Structure formats: C-alpha cells, structure tokens
Student: 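Encoded as structure tokens, here's the structure I'll be asking about.
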Amino acid sequence: MSDRKIFIIDTCVLLYDKNSIHSFPENDVLIPLVVLDELDRFKDKKGLIGENARYVNRFLDDLRQAGSLHKGIEIENGQTIKVALTGFNKVPVGLDPNYTDNKMISLALGIQDQIKQKVILVTKDINFRVKCDSLGIHSEDYYKDKIQLEDQGAFKGYSEIEALDPYVIDELYDYTKNKDKDRSVLEDFLEIFKEKFNRKPYENEYFCIKYDSSSFLGRYEEGEIVRVRPAGDLLESFARLDIKAKNREQLYALNSLLDPSLPLVTISGLAGSGKTFITLMAAYAMVQAGYYDRIVFTRNVQPVGRDIGFLPGSMEEKMAPWLAPIMDNLRVGLKDNNLSLFNTLRSQGVIEIAPLSFIRGRTFNNTILIMDEAQNATIHELKTVITRMGENSKIILLGDVDQIDTPYIDALSNGLTIVSEKFKNQSCASHIALKRGERSHLSAVAASILG
C-alpha cells in the first residue's frame, strides 16, 4: 500500500478553516463535486464562514491555471488536489441517495474497492464519522486545531504547594516587601516549584504556598515574585464598589483583571462561578479610574435553540436575550435596579454591544472588550477578535468549556481552550480557571450532582 493517503474533505472542514485545503502535505486531497455545490451556498454569508467559502473557491479557481482539477493538481507541499465528479450513485441501501453526506459515503466506498491507497474521510460532523465507521470507512476529525494538553491536564493559571519549612512563607513576604531583594529566596522558590511540577512557573502563573494555617499567595511575573493583593487594595474605584472575592481563584482573577499591564485575560469556570460578575465590575472600575474609555461586550451568538435571525426587531432587540446576564450582574453589582445607570452609560457610548459578526474590520483603542461564551467560538473567530485590539486596550475572554453549544468544536478544539493554552507562558496574558460555584448553594450543588 502506498504511503500517500487519500483524504476526502467534508464541507464543514473547509468552512471551519480555509487553510484546511493546504493541510495534508505529501497526500492526495479529494474534494467531491457535491462539496463545491455546498460551498457555493455559503459564499455570500457574512462572517468567517462566508470568507472561508470564498477563499476556497478563489484558490481552486487560481489552481486551474496549473492544470485540470478533474485529473489532479500538485501544489507546493507535495499535496495533490482533485475534484471528484462521479462515484455518487452507490449509496448503501437504507440511506437517502440525495443527501450530500451519503453521496460522499458512496464515493469513499467506491474508491476503497478500486485502489490500494488508504482512504480517510475528514469531517467535523460526529454523526457522519459514526456512519462511516459503521460502513467500514476510515473517518477522522480535523485535528489541526486540537490542542495537546500536558500531563497535568488543562492549564488552570495557578498552582498549590505544601511547604516543608514554615520559614519559606515569611521569607516570601519579606522578599516582596523589601527593595533590596535577597535573590536566594527566589532561587529557593523556583527550586521548590521545580521539584513539585518539574518545570518553572509560567508567566503570570499564580501560586499558593501553604504551611498549616499560613499561606502566601503570589504571581510569577517576568522572573520575579509579586504578592497577590486583596481586591480592595488594587484600585480605589473598585474598592468603592465594596465587592469582595469569594474564593482564592476569584482573587487571582481580580488581580489580573485590574492590572492594565495585562492586555489579555482568559477566565474559565462552571456556571455560577462568578466570572461574568467580577469581570463586569472590574471593567467598570477601570473605566471609572480612567484607564480605558469604554466597555465593549460581544459574544458568539450561538443559541441552544433557534438562530438569531428568527428573532424579531433590530440588532439591539435581537441581542437582548444574550444581554440579560450582563444586565442581571449590573443590577446586583452597581445596585442599578432599574438599569438607569446602564442605559445612561450606553447612551454616552461608555458601554457598547457588538455582536461577533459585526467586529471584523474594526479597531478597538482605549477599550476593554469582554467576550462572553468564548468557548462557543472557534480559534479562527477568536483570532479575528484578538487582532482587532488596538493601543491601550484589554480583551477578556470568558466561558465554560463544559457547555459548548457550537457544532464541530469540543473541549480541546474550542477557541477559549486554545487561547489559554497557547498564551500560558506569554507576559501579556493571564488565565484563571474558577472551580467553585458562588451563585448560591443550590446552584453549586446542582452543578455538582446533575452533571
């Protein structure tokens, strides 16, 4: 059997990542004609899906200058690209012969019977992969974006260490207070950390060193140890809100949220862990303190049920159901029961609502941009958002990777996980995983026992 494989590419892969058409070096890529027909239906769609469809169409059109797509054309990475025109009339009994997926199954079965090369159908559709396996067709997900986690699992943004010596904690407190640093304290800490985790701390990674009832909370920042401060000491405008961190992880998050030197903060956590609430309060305090001019909210409009297009009214009226969590949190945090302050801030342009599909092409200067439900965005969508950030701006990504409503992405391929993993050792970024529910006792118990 040849080492070269034949990859049959599903429409959803090309729409998910336009570069997928280049992603199979030294192999043969087969694009069924029915896939091109489906791409044609998406070319006028707004956002990344439409852009990806147009890119693939233009690339294939340019490729025609080098030969025949029906016969196959080799590109620079040793990959050949070919469009399959026939082979769709042998759909297995019991499957709808007019359904695109089933036509692709017919194509794969026919090729398997004719040649000795390994045939792999690549799709992000789970049910399609199950059908292929049932029929003896080798099928795979598109793995290019899936993040590979370390042995410790997903990065939480913090670590815990049990100290063997009670003097370690006192030494760390003294180290962060004194201008004349005793470098041996830092070296001892790094040695303790390495013994525990077999690595250095990541940039902006928080840690808790405990000994009996004593503890030291710190952050590793550009080769130094910075002490974690109480939320009320971080910013006067935040202290006036009289909001306290309810657990250690929220305190870590507030230290990052209220730090203007960190332009990217990602926060993950289960429902009710307080990620949206503390982010909104920190953003409001930062604007009040003059660090930024405005707050922009966005989210991937991926409902559990119907699409946004079915909702009546203007864009703002359509966005209202997705803004409810924001308004609920502002009612509590700012004691703005009738939302008069919220409406005033919106009318003044201090608070802006920007659906994800309307962000492309914009630049955000002097802005805190908060993207909620970021786990429902692909890494390509988040790249679009993050690269919109201009001078003196901060972007905060929030989400729960256990509640993904978008088809074709999962806990390892969603944008929030990929961003937090890839930025975990960058000085410009900080990630915190909130692990406790703080909405209410009932909410926390329900999240725990109902799965």
Side-chain angles (χ1 to χ4, degrees), residues 12-20 23 45-52 55 124 141-149 154-155 157 204 253 256-257 262-269 275-276 279 283 295-303 308 319 322 352-365 367-390 393-434:
C12 58
V13 175
L14 298 172
L15 293 176
Y16 171 79
D17 179 11
K18 63 183 181 183
N19 292 314
S20 61
S23 299
K45 192 174 179 66
K46 291 183 179 180
L48 280 178
I49 289 179
E51 178 191 336
N52 293 346
Y55 173 86
K124 297 195 72 62
D141 194 356
Y142 177 63
Y143 292 116
K144 184 177 178 181
D145 288 339
K146 281 195 180 270
I147 201 76
Q148 297 295 319
L149 299 180
F155 180 54
N204 298 311
S256 291
L257 290 169
L262 291 175
L264 171 62
V265 177
T266 56
I267 303 177
S268 61
K275 52 188 181 293
T276 304
T279 297
I295 303 168
V296 175
F297 298 102
T298 188
R299 65 183 296 170
N300 186 16
V301 184
Q302 180 63 44
I308 191 171
M319 285 294 293
W322 287 273
E352 179 186 343
I353 310 303
L356 185 60
S357 56
F358 287 77
I359 278 183
R360 192 166 192 84
R362 298 186 63 182
T363 299
F364 297 97
N365 294 314
T367 300
I368 293 184
L369 190 147
I370 302 171
M371 182 172 180
D372 203 4
E373 305 291 349
Q375 82 281 358
N376 283 324
T378 68
I379 184 57
H380 311 289
E381 290 171 321
L382 288 193
K383 179 182 176 182
T384 298
V385 178
I386 294 171
T387 54
R388 298 298 95 206
M389 304 310 294
S393 288
K394 187 183 190 88
I395 179 168
I396 305 164
L397 306 177
L398 310 175
D400 178 2
V401 296
D402 291 325
Q403 290 189 350
I404 297 175
D405 303 316
T406 305
Y408 310 141
I409 60 175
D410 57 29
L412 296 180
S413 63
N414 70 87
L416 180 61
T417 296
I418 295 174
V419 169
S420 61
E421 288 291 328
K422 289 195 172 184
F423 276 86
K424 67 184 177 186
N425 203 25
Q426 299 294 320
S427 60
C428 62
S430 173
H431 172 69
I432 299 297
L434 302 180

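Small disclaimer: the values here were computed from a predicted structure and weren't measured.
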Student: Are any side-chain N or O atoms of Gln375 and backbone N or O atoms of Asn414, one a donor and one an acceptor, separated by less than 3.5 Å?
Tutor: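 Pair absent, no side-chain N/O of Gln375 close to backbone of Asn414.
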Student: Answer yes when Lys275 and Asp372 have at least one side-chain N-carboxylate O distance shorter than 4.0 Å, and no when they do not.
Tutor: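 Answer for the salt bridge query: no.
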Student: Do you know which two heavy atoms are closest between Asn52 and Leu14, and how far apart they sit?
Tutor: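 Closest pair (atom of Asn52, atom of Leu14, distance): CB-O, 3.7 Å.
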Student: Provide the closest heavy-atom pair for Ile396 versus Ile368 in the form atom of the first, atom of the second, distance.
Tutor: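 Looking at all heavy atoms of both residues, the shortest contact is CD1-CG2, 3.9 Å.
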Student: Would you give the length of the straight line joining atom CG of Asp145 to atom NZ of Lys124, rounded to the nearest 0.5 angstrom?
Tutor: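 One finds 7.0 Å between CG of Asp145 and NZ of Lys124.
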Student: When rounded to the nearest 0.5 angstrom, what distance separates CZ in Phe423 from CG in Leu397?
Tutor: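 Those atoms lie 9.0 Å apart.
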Student: To the nearest 0.5 Å, how far apart are CG in Leu369 and CD1 in Ile395?
Tutor: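 Answer for the CG-CD1 pair, Leu369 versus Ile395, is 5.0 Å.
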Student: Could you check whether the rings of Tyr16 and His380 sit parallel, tilted or perpendicular, using 30° and 60° as the cut-offs?
Tutor: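 If you compare the ring of Tyr16 with that of His380, the planes turn out perpendicular.
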Student: Hey, could you give me the CG/CD1 distance between Leu15 and Ile49, rounded to the nearest 0.5 Å?
Tutor: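 That separation rounds to 6.0 Å.
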Student: Under the side-chain hydrogen bond (donor to acceptor under 3.5 Å, both in side chains) test, which residues partner Ser393, sequence neighbours left out?
Tutor: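 Listed in chain order: nothing, the list is empty.
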Student: Would you compute the distance between atom CD of Gln426 and atom CG of Asn204 and round it to the nearest 0.5 angstrom?
Tutor: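 Going from CD on Gln426 over to CG on Asn204, the span is 10.0 Å.
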Student: Output yes when a side-chain donor or acceptor of Thr384 lies under 3.5 Å from a complementary backbone atom of Leu382, and no otherwise.
Tutor: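 Such a contact is absent between Thr384 side chain and Leu382 backbone.
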Student: Counting only N and O atoms by type, is there a donor-acceptor contact under 3.5 Å from the side chain of Thr417 to the main-chain atoms of Leu412?
Tutor: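 No; zero donor-acceptor contacts below 3.5 Å.
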Student: Report the distance from atom CG of Leu48 to atom NZ of Lys18, rounding to the nearest 0.5 Å.
Tutor: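 If I round to the nearest 0.5 Å, the distance is 8.0 Å.
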